[in-house]
Amino acid sequence: MLTASYTDLFSMKIHHGGVFSGSPGRQYLNGKVTFVDLVDPDELSIHEFNAIIKYLGYHGTYMMYYHFLIPNSDLDFGLRAFGSDQDVLNLLQYVSECKIINFYVEHGSTKLKTYFVSPEPKKVIIEELPDEPSTDDVGSSRCRKRLCLEWDYKEDETNKGVEGLEDVATNEIGNDVDGLEHFASHDIDKDALDDFDPFFGQTYNAEKEGNEGAEQEGSEGDEGERSEGDEGDTEGDGDDSDYIGDEEDIDYMAEVDMTSFNENVDWEAEWVGNEGDKEEVEYEAENPMDFDDNESDSSGSLESSRKKELRKLKKMHEKKEDIVGAAFNFYVGQIFGTKEEIKKMITMYSLHACRDIRLIKNDKTRLRAICKGQNPVFKEVGGSNKEVGGSKKKAKKASASGEHCPWVLHVSTCNNESTWTVKTYVGGHTCLQSRKLKLCTANVLSEQIMEDITPNPDIPLKTLHEQIQKRFQISVSSQQVFRAKKMASKRLRGDYEQQYLLLRDYLVELQRSNPGTTVKLEMEIEPNPHTTTRQFKRVYICLGALKQGFKALGRDLLGLDGCFMKGMYPGQVLTAVGVDPNHGIYPLAYAIVEAETTNSWSWFLELLGDDLDLEANSNFTFISDRQKGIIPAIAKVFPSAEHRFCYRHILENMKLKWKGKAYNDLPWRCAAATTVPQFHAEMEQVRKFNVDAYNWLKQIPPHHWSRSHFTGLFIPKLFTGRAKCDVLLNNMCEVFNKQLVDGRDKPIITALEYIREYLMRRLVLVQKVIDKSQGPLTPTIAKMLGKIKEEASQLVVTWNGSTEYQVNGAWGDQCCVNLEAKFCACRRWELTGIPCKHAVAAIWFSAANGGTVALPENWVHPHYHLQTWKMMYQFKINPTNGRLLWPKSDYPIKIMPPKHHKQIGRPKKSRRKTAEELSQPLVKGSKLLKIGKAMTCRICHKQGHNARTCKGKGTPS
């Protein structure tokens, strides 16, 4: 408990959202519990408690009653009302002894009789006490007003036996059932309960919503009425001569703000209590308003009284509940601000009450709604009609005329006013509930299913249809549900066309929140230069944090790939993804373009080169598929770059002609070969197996797909290497594109935000792994080096006495190692930057023979060190504000959506599957199927059918 170390503070345990069960053994059921700690008793008030209840999510749409529980008491006899300042004083008696006070909130109505018991005041005295002189202004003095309430409580004899109530027996009311019945037997005027504040946002806020001028005019008359017959009021500003108090009264004096006291007292309420104790108090506000008596004519007083009556009607009807709840309760005199507000309330009433409400009058000044439900008519056995609750004659008349339900609502505007007032309302229905509602449109349903769409945007249509019918008990078609889901998704994700207009503002916000971010927006060329609109063409984004992290790594390798957009407007998402020190993906840049063409890829690579400070002759390495647009684009922008082809795409193209496991294994050995002689040996095996496959594979230059022709880390006396990576597959881009599947069917800004949010979350997840990692190397590289050490332990090393070693393994596995040059004849160390098994064996041999060499971990390239990994991920992507907080772009040209030609048929959202993916499995259960095997008929000996389906006339052999 936080208040344990604070002797003057206490904690509130608030029970809310539930209901009380019956007595005896009363319990608070189905509720929630919220703790509020460090509560100052001097600052506790009903208004503060109202603020807490509002923070918990209750906004005053219905009445609420507050109770507190006397410590060490049960819910049958220990509950006390908590709705006025005096209730607060009663509560504070227990704070010094108990640091946790239980509060209970009742919603809608209360059955506890403690709330209908009001204390009997002996006198209410307002005294002005001069403050002590201020040190700043010695000659000045101020007056403050102090309200002293002295109450009479009746002590019940049954209270003396209740445990824990001896010290406060004189201050409690109605502690037993008999006492409650005694108070409940009085005729209590409900208007007198307005002094209490058992709920927020209803009584006092409803009065404030009216005309403030009318309240001011009425306040003068009210004040005059209160001043009549006041025998105990003060004269002048001096001390109150009628004030008589004792020590007990002084303990309960509370300083209050007199302005708020005047606003929160209902002076029109009738007094309920002993007439002998009734005393009126003359009250003068601290800042009284001046009223002009000459302007208070008869018309103004009539208008003020009319508005007072309307407020009373509102207060009275807000406490009632219709069959569908107080939120949809109509009454004569009800005021609305706009016609749309009325129509929405009528629609919700129709939906929740299952009544077929129709708008038969709907113009600028009037709105009339009726219920089209039919009254039930039944046929007797004898063939005559009889209506429920009516005579046979009336039933025939109703059946002949087709009489509808008498429910009517007429709302219109007043003269020279913009408010709408209910003029006629006939409540109550005589018809049966209907399952088909005219006002239940797809637009209305879309607003009601937002809570279902928001957490699960991909909810199945059938499931959503069932939920709507179960919740509202109405009949809707599948087309309505489809349109409603489409509208709700549009509200959730945004409009496709509207987001192009806001695209420039989003890009400005992205650059503001993420410094160093590169954003390039390109639009279609417009032949008319005077037009104020341009069609969208491309957008490129490279976040500043990703750019800094990639430069911190220094590995010159990027994977390039594209994937298609699945939304209303076509396009392609181009991505550039690197590899981090732990062999994980590290996305660098992304763009949305019109298509994968040579022009779009050249534009993307030029912007990428500017961000990475790459020249045209840079020794950079790219890996991609063999898409027709990207090959000439790389050759044009970076002619000196090394361009690798993804081996998987080569294999997929090869499977279109040759299938089988051998065609998977043989080409892979050629691609995985690290030396040129080994590559030629493996290609010879392919030629012996299939000459056509060999010729097809030979057409692809080996420096695009085989490790034997890749440039490595260091070649003596020639040039330095580039990538420090022997990757053959473009898996980094495939993995990144898979994460973007759910975002590629959204509008453009939503799609760009989906990518940015994924990148922001990924950096955080990787950072958590980095924080848990230990050692000089990253976890993945440490495992790889461990396997290399196991293989190195089986090798034999021979030293030439200088810097070179001969390492022998199985037959044919013999390589020369130069530790000084960090070179091995197998070229694995050169390609990856990680010592191969031959190098590790040579390092161990040198250390065992007195050489000053470090551990194998120190021979690994710095790209794989844990410290480099930390440096790469120290840059974070910052979040962005919502649309309402975006800075407005000053560019006058509006961006329009790209051209779109709707294709015939259903839009395709799935990618085209490969031949291997389309092929059926060969094994079903424990049997091998004959898929792919040519079938021969045993009758006609022809292929393509069997004997059962043979149409020839031959005889079986």
Side-chain angles (χ1 to χ4, degrees), residues 518-522 536-543 546 550 557-579 585-609 611-612 620-638 641 643-653 704-705 727 729-748 750-752 754-756 758-759 898-900 903 907-914 917:
T518 302
V519 172
K520 297 295 182 181
L521 179 63
E522 185 174 335
F536 170 82
K537 187 178 182 180
R538 303 164 181 166
V539 61
Y540 167 88
I541 296 176
C542 180
L543 297 173
L546 300 179
F550 187 83
L557 173 68
L558 277 177
L560 304 176
D561 196 11
C563 54
F564 63 93
M565 297 288 291
K566 299 184 292 184
M568 181 181 298
Y569 298 99
Q572 294 283 332
V573 180
L574 307 184
T575 57
V577 184
V579 182
I585 67 171
Y586 190 84
L588 176 61
Y590 52 95
I592 296 180
V593 299
E594 69 281 6
E596 277 193 272
T597 62
T598 303
N599 184 270
S600 62
W601 273 115
S602 300
W603 175 79
F604 182 79
L605 291 174
E606 289 174 358
L607 297 177
L608 193 63
D611 286 332
L612 299 180
F620 209 83
T621 302
F622 297 99
I623 181 171
S624 68
D625 56 8
R626 294 197 299 165
Q627 202 272 338
K628 294 181 180 180
I630 194 172
I631 296 176
I634 293 178
K636 174 185 175 182
V637 180
F638 301 106
H643 188 189
R644 301 180 185 178
F645 294 160
C646 179
Y647 172 77
R648 178 178 174 273
H649 291 84
I650 296 177
L651 189 62
E652 292 296 335
N653 296 333
H704 288 305
W705 62 280
V727 60
L729 304 175
N730 194 16
N731 283 345
M732 64 280 285
C733 290
E734 299 296 339
V735 171
F736 183 55
N737 292 340
K738 183 180 179 181
Q739 301 298 327
L740 307 183
V741 170
D742 295 335
R744 292 182 352 226
D745 61 342
K746 295 177 173 57
I748 182 167
T750 309
L752 293 175
Y754 187 92
I755 299 174
R756 187 196 60 82
Y758 164 74
L759 296 175
K899 295 180 180 180
H900 171 55
Q903 301 295 328
K908 296 179 176 58
K909 292 189 175 183
S910 301
R911 65 178 179 87
R912 288 179 296 181
K913 296 183 178 180
T914 61
E917 292 174 331

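For the numbers below, each heavy atom of this structure counts, side chains included, while hydrogens, waters and symmetry mates do not.
When atom types are taken as modelled, the side chain of Q627 and the backbone of E596 share a donor-acceptor pair closer than 3.5 angstrom. Judged by distance alone, with hydrogens and angles left aside, the side-chain atoms of H643 form no donor-acceptor pair with the main-chain N or O of H704 at under 3.5 Å. In this structure, D561 contributes its side chain and D625 its backbone to no donor-acceptor pair below 3.5 Å.
Residues Y647 and I623 fail the side-chain proximity criterion, which asks for heavy atoms closer than 4.5 Å. Counting only heavy atoms from C-beta outward, the side chains of V741 and K566 approach each other to under 4.5 Å. With contacts defined as side-chain heavy-atom distances shorter than 4.5 Å, the pair V637/L608 does not qualify. F622 has its side chain out of reach of I630: every pair of non-hydrogen atoms, C-beta onward, lies at least 4.5 Å apart. Residues V573 and N737 are not in side-chain contact: their nearest non-hydrogen atoms beyond the backbone lie 4.5 Å or more apart. Side-chain contact between Q572 and S600 is absent, with no heavy-atom pair separated by less than 4.5 Å. Y590 places a side-chain heavy atom less than 4.5 Å from the side chain of R756. The shortest distance between side-chain heavy atoms of R626 and H649 does not fall below 4.5 Å.
Shown are D611, V577, L612; of these, the side chain to side chain contact (heavy atoms under 4.5 Å, CB included) with L588 is made only by L612.
Considering CE of M732 and OG1 of T575, their distance stands at 10.5 Å, rounded to 0.5 Å. Note that the OG atom of S624 and the CG atom of L558 stand 11.5 Å from one another [nearest 0.5 Å]. The structure places CZ of R644 at 11.5 Å from CG of L729, a figure rounded to the nearest 0.5 Å. Atom-to-atom distance recorded for I541:CD1 and L759:CG is 10.0 Å, nearest 0.5 angstrom. Separation of atoms CZ (F550) and CG (L543) is listed at 14.5 Å; rounding is to 0.5 Å. Taking CH2 from W705 and CG from L651, the interatomic distance works out to 10.5 Å, rounded to the nearest 0.5 Å.
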Checklist entry - Run the side-chain contact (heavy atoms from CB on, under 4.5 Å) check on C542 and L546 step by step: do they pass? => result CA-CA 7 Å; C542 180; L546 300 179; 5.6 Å; no
Checklist entry - Between L557 and V727, does a side-chain contact (heavy atoms from CB on, under 4.5 Å) hold up when you go through it step by step? => result CA-CA 10 Å; L557 173 68; V727 60; 3.9 Å; yes
Checklist entry - Which is it for L605 and I634 under the side-chain contact (heavy atoms from CB on, under 4.5 Å) test, yes or no, and what are the steps along the way? => result CA-CA 8 Å; L605 291 174; I634 293 178; 3.7 Å; yes
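Here the shortest heavy-atom pairing between L521 and F536 reads CD1-CE1, 3.7 Å. Of all heavy-atom pairs spanning Q739 and Y754, the tightest one is O-CE2, 3.4 Å. Taking each heavy atom of G609 and F638 in turn, the nearest pair found is CA-CZ, 3.9 Å. The two residues W601 and G562 come nearest to each other via the heavy atoms CZ2-N, 4.3 Å.
More than 12 heavy atoms of other residues, nucleotides or ligands lie within 6.0 Å of NZ in K537, so this atom counts as buried by the packing criterion.
Ring orientation note: the planes of Y540 and F604 are nearly perpendicular, at an angle over 60° on the 30°/60° scale.
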